[in-house]
Amino acid sequence: MPEGPSIVILKDLIKDLYLGKPEVLEVAGNAKNIDKDRLLHQKIIDFKSWGKHFLICFKDFTVRIHFMLFGTYLLNQEKKTPLTLGLVLKKDVLNFYTCKVDLLEGNVKEHYNWENDIMAEEWNSRAAIKKLKDMPEALVCDVLMDQQIFSGVGNIIKNEVLYRIRVHPLTKIKSLPPAKLKALVKEARNYSFDFLKWKKENTLSKHWEVYSQKECPRKHNIEKKELGKTHRQTYYCEKCQKLYHQKEK
DNA sequence: TCCCTTGTTATGAA
DNA sequence: CTTCATAACAAGGG
């Protein structure tokens with residue numbers, strides 16, 4: 001569920017149902033961070049996504065849903081786990097489980113910059129490159145997960161992008177040849193759209209080249225280690241992916 | 001049954 | 001004050 005492309009699937013699914021502005025007829029769920037009465041009898045004016053955030057926009061505020069690691073949603077269905085937020089609309093019921101819910105006041109555009117949403121039309125690769133150049137000591141496995149640079153990229157995308165560009169996860173930004181830096185930014189977006197396509201086809205895992213794999217496409221052994229600041233699992237091929245070192249003067 | 005994870009934040013140490 | 005590391009939380013699949 002949680003990486004950016006999956007949120008786009010949810011947004012598209014719901015947007016297709018509602019060309020108009022549905023009114024919230026009932027609000028259910030145990031979400032504590034928000035005053036549910038705020039939503040009652042209000043019209044939803046838009047559904048948006050930003051990175052891993054799903055946004056339900058009202059005139060004066062926006063409800064933000066973050067699915068974290070285990071979050072799910074159901075359309076016109078229920079399940080046994082406690083409901084975090086349920087919205088009853090005229091035609092449909094939207095149920096969200098195991099997610100974090102927040103209310104953002106005012107215009108949603110004041111809260112987000114879509115230039116760093118990896119899935120957005122507004123995506124700005126030059127801005128991403130500039131931010132990367134400002135953190136020369138950072139590791140490539142960490143920067144890909146940085147939501148201020150690549151909003152929407154998660155652990156799967158991180159691993160697959162690094163394999164695609166044949167760069168070792170422990171390479172520092174300052175050591176990356178310029179062409180590889182560009183490729184990093186370009187593939188972060190490219191792979192995210194492949195992820196979107198394959199997720200819709202239900203073939204995502206079939207296309208993994210390193211993530212959760214035992215060997216890479218060239219039949220080399222895959223390493224699986226907790227790397228980077230956050231110690232997230234990193235899958236990579238020592239033979240295919242090059243560890244760049246900055247040249248000593 | 002146990003182990004693992006598409007993620008983030010609160011907390012406290014340094 | 002800031003930065004960093006660790007703990008905490010969650011549900012379902014293999």
Side-chain angles (χ1 to χ4, degrees), chain A residues 1-13 29-34 49-55 63-74 77-86 95-104 111-112 116-119 134-139 141-164 169-170 172 187-214 222-236:
Chain A
M1 179 62 224
E3 296 195 39
S6 299
I7 307 303
V8 170
I9 289 172
L10 166 61
K11 179 194 69 178
D12 289 345
L13 170 75
N30 59 18
K32 293 189 182 89
N33 273 351
I34 62 164
S49 66
W50 180 89
K52 300 167 189 172
H53 299 195
F54 179 59
L55 304 168
V63 173
R64 166 172 75 199
I65 297 184
H66 197 304
F67 292 96
M68 306 298 285
L69 203 50
F70 306 120
T72 51
Y73 60 88
L74 287 173
Q77 292 176 70
E78 293 174 19
K79 63 173 187 170
K80 284 176 189 164
T81 50
L83 180 66
T84 310
L85 182 68
N95 287 327
F96 302 98
Y97 301 89
T98 332
C99 51
K100 197 161 72 87
V101 181
D102 289 290
L103 197 144
L104 309 176
H111 293 269
Y112 294 102
N116 46 34
D117 175 0
I118 197 73
M119 302 299 293
D134 284 341
M135 43 200 309
E137 296 297 327
L139 304 176
C141 63
D142 283 328
V143 299
L144 276 168
M145 299 285 278
D146 186 331
Q147 299 300 295
Q148 298 308 311
I149 306 174
F150 297 106
S151 324
V153 169
N155 206 32
I156 295 174
I157 296 174
K158 173 193 83 178
N159 284 291
E160 293 297 312
V161 166
L162 290 177
Y163 185 77
R164 277 191 172 186
L170 294 177
K172 287 181 179 176
E187 277 308 317
R189 183 167 165 91
N190 275 353
Y191 181 80
S192 295
F193 280 91
D194 286 339
F195 183 124
L196 175 66
K197 181 179 74 186
W198 292 328
K199 183 85 179 175
K200 283 181 179 170
E201 296 173 355
N202 215 8
T203 63
L204 179 63
S205 59
K206 270 200 253 176
H207 289 88
W208 288 337
E209 294 189 305
V210 288
Y211 179 77
S212 199
Q213 303 304 299
K214 287 264 184 283
I222 294 280
E223 303 291 329
K224 179 193 181 193
K225 291 184 179 158
E226 292 182 349
L227 301 181
K229 278 189 297 192
T230 55
H231 309 289
R232 294 298 300 276
Q233 288 294 0
T234 307
Y235 297 83
Y236 61 100

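Numbered from 1 within each chain, the chains take letters A, B, ... in sequence-line order.
- A ring pair (Phe, Tyr, Trp, His ring centres under 6.0 Å) with A:Y211 is found for exactly one of A:F195, A:Y235, A:Y191, namely A:Y235.
- The minimum heavy-atom distance linking A:L196 with A:V8 is given by the pair CD1-CG1, 4.1 Å.
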Tabulate atom names and distances for all N/O pairs under 3.5 angstrom spanning the protein and nucleotides 5-8 of chain B.
unit_1	atom_1	unit_2	atom_2	d
B:dT5	OP1	A:K224	NZ	3.3
B:dT5	OP1	A:Q233	NE2	3.3
B:dT5	O3'	A:Y211	OH	3.4
B:dT6	OP1	A:N155	ND2	3.4
B:dT6	OP1	A:Y211	OH	2.2
B:dT6	OP2	A:N155	ND2	3.1
B:dT6	OP2	A:R232	NH2	3.0
B:dT6	O5'	A:R232	NH2	3.1
B:dT6	O4'	A:E3	OE2	3.1
B:dT6	N3	A:M1	N	3.2
B:dG7	OP1	A:K52	NZ	2.7
B:dG7	OP2	A:N155	N	3.1
B:dG7	OP2	A:R232	NH1	3.3
B:dG7	OP2	A:R232	NH2	2.8
B:dT8	OP1	A:H66	NE2	3.0
B:dT8	OP2	A:K52	NZ	3.0

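- Counting 5' to 3', DNA chain C first comes under 4.0 angstrom of a heavy atom of chain A and last does so at the ends given by C:dT6 to C:dG12.
- The backbone N or O of A:T98 lies less than 3.5 Å from a partner atom in the side chain of A:T84, making a donor-acceptor pair.
- Using a 30° and 60° split on the angle between ring planes, A:F54 and A:F96 fall in the tilted class, from 30° to 60°.
- By the 6.0 Å contact criterion, NZ on A:K79 is enclosed, its count of non-hydrogen atoms from other residues, nucleotides or ligands being greater than 12.
- Distance noted for atom P between C:dG12 and B:dT9: 23 Å (whole Å).
- The nearest heavy atom of DNA chain C to A:T98 and to A:K229 marks one nucleotide each, and the one closer to the 5' end goes with A:K229.
- Side-chain contact check for A:K158 and A:T234: at least one donor-acceptor pair (N or O, by modelled atom type) lies under 3.5 Å.
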Task: Watson-Crick or G-U pairs under 3.5 Å in DNA chain B, rendered as dot-bracket with [ ] for crossing pairs and | for another strand - done: .||||.||||||||
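- Across all non-hydrogen atoms, the minimal contact from A:I157 to A:S192 is CD1-OG, 3.6 Å.
- For the atom pair CZ (A:R164) and CD (A:E209), the distance works out to 6.5 Å, reported to the nearest 0.5 Å.
- Between the CD atom of A:E187 and the CG atom of A:L144 there is a distance of 11.0 Å, given to the nearest 0.5 Å.
- With rounding to the nearest 0.5 Å, the separation of NE2 in A:H66 from CG in A:L55 is 10.5 Å.
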